[in-house]
Amino acid sequence: MEQKNTNIKVPLISKIAYGMGDVGCNFSWMFVGNFLMIFYTDVFGIGMGAVAGLMLFSRFWDAINDPLIGGLSDKTHSRWGRYRPWLLVAAPLTALVLILTFWAHPDWPSTAKIIYMAITYCILVLGYTCVNIPYGTLCGAMTQNIEKRAKINTFRSVSAMIAIGIINIVTVPLIAALGGGNDKRGYLLIAALYGCIFAACHIFCFAKTKEVVEVPEKEKISLKVQLAAVAKNKPYMIAVAGQFLFGVTLYGRNADALYYFTYVEGNQALFSTYSLCIIVPSIIGAACFPVVFRLTSNKGRSAAIFAFMTGISMFSMYFFSVRDSAVPFYLFSCLAQFFFSGFNTAIYAIVPDCVEYGEWKTGLRNDGFQYAFISLGNKIGMAIGTSVLAGVLGSTGYVANQQQNPAVLAVMKHSFTTIPGALWIITAVVLYCYRLNKKAYHQIVEEIQERKKIKSR
């Protein structure tokens, strides 16, 4: 059997196209993470308790569909590869569901609202899974070179930070402009626009990337065997734990951000100002990951450094506000975003290397299946972060579009500063235990290639 060269140069256009895939992901999922909760409570008119329940329920749904889609993507056979066809087919369909998710019906009975919310959100989560798991797995199929993977993920993270910055800067004013004072109409039109961007970015990613790392052909492997193989992969288990904490911290804070600026700072428009201030540090921080990786030779340790500094910066934000001390508030905001962006690049760069370790350790290579549990860990974290936020806000007396009581305001402030700060420090401790460095990785890949040569004789 002739072996493909999996260390070939990855063209610049392919790196850009892969980065554009994450632009698309963020125009869907980050939009959902940052704006869906406040859309449900303040526009659709759904209670905090129902929103909290949905976030937890949907993770049981994820526990089923994430490994299922991961396994199916591994088994996909087409002239375009295993993972790229999913981008072509699933992205346009998911864009349509995104639009339906932000189609508000505030005059409906409460039960009808909750049913509509549950159905559209669960279908949206499934659609996003069908795109994001193959997309995330695709990086490992583009090359086996650890440095090239780091560069590909840097393109991904820089692109993501730009997209997130744009979304956070323009969404609030666009809702007002497109809705003409009607938030219901504004959210729907924004969802249509972002859905088109989501689909177009993934189609471009499909067209300009190439899979060169082949998953070995083998007989059907049971779920039990795959789970046992995953359990033996220590770097991967650390990565899953890191993704879980990442999900809790990131999405809980993001869901709180618009509430924080609307009710604590007293001006929703400040969310756009805040987002504008942090966009440049986002891009610079994401681009700094390769530098830190060269110094540490360990992606997990690099992620730990970024996570620790993110936590310190966010914790410091508690002592300042935009109204009373804008300069230090924005200074620590920029520092937090700089370090977070470096972390965001590092945490996703870890995953493909864990796949190689798993193949070396167990003889089983199942890229999509492993990425599915990375995604599931992140989504479970998201569910806990957002549902706990919604539950606590509801229990302390949150009332939509009204002046909030001191307990609610305190929850919003701590959820934006000290709580994520502490969680980032815990994340740093977990990822510091990651031991797969550059030297060990190269030895692993050489052994894998040698085994394949022996088998082909």
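All residue numbers in this chain count up from 1 along the given sequence.
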Of the non-hydrogen atoms in [X] and [Y], which two are nearest, and what is the gap between them?
| X | Y | value |
| --- | --- | --- |
| I279 | G165 | CD1-CA, 3.8 Å |
| P92 | I203 | CG-CD1, 4.3 Å |
| A191 | I99 | O-CG1, 3.8 Å |
| K234 | Y357 | N-CE2, 4.2 Å |
| S73 | W86 | CA-NE1, 3.7 Å |
| A50 | I46 | CB-CG2, 3.7 Å |

Where the side chain of [X] meets the backbone of [Y], is there a donor-acceptor pair that is under 3.5 Å apart?
| X | Y | answer |
| --- | --- | --- |
| T310 | F340 | yes |
| T120 | T101 | no |
| S387 | A52 | no |
| T94 | G127 | yes |
| T249 | F246 | no |
| S28 | G24 | no |
| N298 | Y434 | yes |
| D22 | S159 | no |
| Y236 | Q370 | yes |
| R253 | F416 | yes |

Query - Residues L389, M37; criterion side chain to side chain contact (heavy atoms under 4.5 Å, CB included); working and verdict - result: CA-CA 10 Å; L389 173 65; M37 186 167 145; 3.9 Å; yes
Tell me whether the centres of the aromatic rings in [X] and [Y] are closer together than 6.0 Å.
| X | Y | answer |
| --- | --- | --- |
| H202 | F198 | yes |
| F31 | F35 | yes |
| F306 | F338 | no |
| W424 | F339 | no |

* To do: Apply the test side chain to side chain contact (heavy atoms under 4.5 Å, CB included) to residues N168 and L276: give CA-CA distance (whole Å), side-chain angles for both, the deciding distance (0.1 Å), then the verdict.
  => CA-CA 8 Å; N168 290 341; L276 180 63; over 6 Å; no
query = Salt bridge between R149 and E356, side-chain N to carboxylate O under 4.0 Å?
reply = yes
Are the side chains of [Y] and [X] in contact, using a 4.5 Å heavy-atom criterion?
| X | Y | value |
| --- | --- | --- |
| V32 | L98 | yes |
| Y194 | I167 | yes |
| P85 | V89 | no |

Checklist entry - Has Y432 got more than 12 heavy atoms of other residues, nucleotides or ligands less than 6.0 Å from its OH? => result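 Check fails, neighbour count at 12 or below.
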Can you confirm whether more than 12 heavy atoms, excluding those of F315, are under 6.0 Å from its CZ atom? no
Exercise: do Y259 and S415 side chains pair donor with acceptor under 3.5 Å
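The answer is no; no qualifying pair exists.
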What's the verdict on side chain to side chain contact (heavy atoms under 4.5 Å, CB included) for V10 and N145, showing C-alpha distance, side-chain angles and the deciding distance? CA-CA 10 Å; V10 179; N145 184 286; over 6 Å; no
How many angstroms lie between atom [atom1] of [X] and atom [atom2] of [Y], to the nearest 0.5 angstrom?
| X | Y | atom1 | atom2 | value |
| --- | --- | --- | --- | --- |
| K232 | T362 | NZ | OG1 | 7.0 Å |
| T76 | R84 | OG1 | CZ | 12.5 Å |
| M20 | F204 | CE | CZ | 6.5 Å |
| M142 | K15 | CE | NZ | 9.0 Å |
| I347 | Q243 | CD1 | CD | 5.0 Å |

Evaluate side chain to side chain donor-acceptor pair (under 3.5 Å) for N344 paired with S157, printing each intermediate quantity in order.
CA-CA 7 Å; N344 187 64; S157 190; 3.3 Å; yes
Ring pair (Phe, Tyr, Trp, His ring centres under 6.0 Å) with Y18: of Y135, F206, F155, only one passes, and it is Y135
Using 30° and 60° as the class limits, which term best fits the ring planes of [X] and [Y]: parallel, tilted or perpendicular?
| X | Y | result |
| --- | --- | --- |
| F39 | F102 | tilted |
| W29 | Y121 | parallel |
| F332 | F320 | parallel |
| Y260 | F329 | parallel |

Practice problem: Apply the test side chain to side chain contact (heavy atoms under 4.5 Å, CB included) to residues K299 and F289: give CA-CA distance (whole Å), side-chain angles for both, the deciding distance (0.1 Å), then the verdict. | Solution: CA-CA 9 Å; K299 293 178 181 178; F289 162 66; 4.0 Å; yes
- Message: Is the terminal nitrogen or CZ of K438 (NZ for Lys, CZ for Arg) located under 6.0 angstrom from the six-membered ring centre of F293 and within 45° of that ring's axis?
- Response: yes
